[in-house]
Amino acid sequence: QVQLVESGGGLVQAGGSLRLSCAASVRTFSTYVMGWFRQAPGKEREFVAGIGRTGAPTSYADSVKGRFIISRDNAKNTVYLQMNSLEPEDTAVYSCAAAYGWMVVTTLNGYKSWGQGTQVTVSS
């Protein structure tokens, strides 16, 4: 089991940027593919972005392509989500997740370890 802790959420105006971080407590971080998901009030949790073991490949939901960038630093056991041009529709609790394996995972049930999430609120 991987322990995951997110940080970096907050309140930002539309058009602004935030950078989320997710720190993993595991010795073999580089053997996990990582993902970011979000859940808005009254909606189901949805995939946002995923990244392979070495930083590639990456995968994005259509709604965030061109605005969000996922990256990782295996030396720091950390995955990041740079969010630019934020919109009120991006308001949600953002959670990171870890999956042992090679392929980038875009589905909820593909991940076994989850963080508690960090709130992102975008005001109009």
**Item:** disulfide (SG to SG under 2.5 Å) contacts touching residues 40-83 (sequence neighbours left out)
**Value:** none
**Val79 reachable from Phe68 in the ILVMFWY side-chain graph, under 4.5 Å edges** = yes
**Prompt:** Under the side-chain contact (heavy atoms from CB on, under 4.5 Å) test, which residues partner Ser71, sequence neighbours left out?
**Reply:** Tyr80
**Complete:** All heavy atoms of Val104 vs all of Ser59, minimum pair found to be CG1-CB, 4.0 Å
Please report, to 0.1 Å, the donor-acceptor pairs under 3.5 Å made by any side chain of residues 13-22, with sequence neighbours excluded.
{"residue": "Ser17", "atom": "OG", "partner": "Asn84", "partner atom": "OD1", "Å": "3.0"}

**Asked** With sequence neighbours left out, what residues match Thr121 under side chain to side chain donor-acceptor pair (under 3.5 Å)?
**Response** Gln119
**Message:** If the condition is side chain to side chain donor-acceptor pair (under 3.5 Å), which residues does Glu89 pass it with, not counting sequence neighbours?
**Reply:** none
**Message:** I'd like to know if Ile69 and Leu81 are part of one continuous hydrophobic network [Ile/Leu/Val/Met/Phe/Trp/Tyr, side-chain heavy atoms within less than 4.5 Å].
**Reply:** yes
**Item:** Nearest heavy-atom neighbours spanning Trp36 and Ile70
**Value:** CD1-CD1, 3.6 Å
**Message:** Is any side-chain heavy atom of Ser95 closer than 4.5 Å to one of Gln39?
**Reply:** no
**Request:** Under the side-chain contact (heavy atoms from CB on, under 4.5 Å) rule, collect the residues that match up with Ser30, sequence neighbours excluded.
**Result:** Asn74
**Message:** Can you list everything that forms a side-chain contact (heavy atoms from CB on, under 4.5 Å) with Gln1? Sequence neighbours excluded, please.
**Reply:** Gln3, Ser113
Side-chain donor-acceptor pairs under 3.5 Å in residues 44-51, sequence neighbours left out?
{"residue": "Glu46", "atom": "OE2", "partner": "Arg38", "partner atom": "NE", "Å": "2.7"}
{"residue": "Glu46", "atom": "OE2", "partner": "Arg38", "partner atom": "NH2", "Å": "3.2"}

**Request:** Evaluate the side-chain proximity of Arg72 to Thr78: yes if any heavy-atom separation is below 4.5 Å, no if none is.
**Result:** no
**Request:** Return the set of residues passing side chain to side chain donor-acceptor pair (under 3.5 Å) with Ser85 (not counting sequence neighbours), or none when no residue passes.
**Result:** none
**Message:** Quick check for you: to the nearest 0.5 Å, what is the distance between Asn77 atom CG and Met34 atom CE?
**Reply:** 9.0 Å
**Message:** Check whether Tyr60 forms a cation-pi arrangement with Arg67 (NZ or CZ under 6.0 Å from the six-membered ring centre, at most 45° off the ring normal).
**Reply:** no
**Request:** Could you tell me which non-hydrogen atom of Leu108 sits nearest to which non-hydrogen atom of Trp114, and how far apart they are?
**Result:** CD2-CH2, 3.4 Å
**Asked** Does Lys65 have any side chain to side chain donor-acceptor pair (under 3.5 Å) partners at least two apart in sequence or in another chain, and if so, which?
**Response** Asp62
**Message:** Under the rule for side-chain contact (heavy atoms from CB on, under 4.5 Å), what residues qualify as partners of Val26, not counting sequence neighbours?
**Reply:** Val2, Ala24, Thr28, Phe29, Tyr32
**Exercise: identify the closest heavy-atom pair between Tyr94 and Met83** = CE2-SD, 3.8 Å
**Message:** By the disulfide (SG to SG under 2.5 Å) test, which pairs, at least two apart or in different chains, include something from residues 33-70?
**Reply:** none
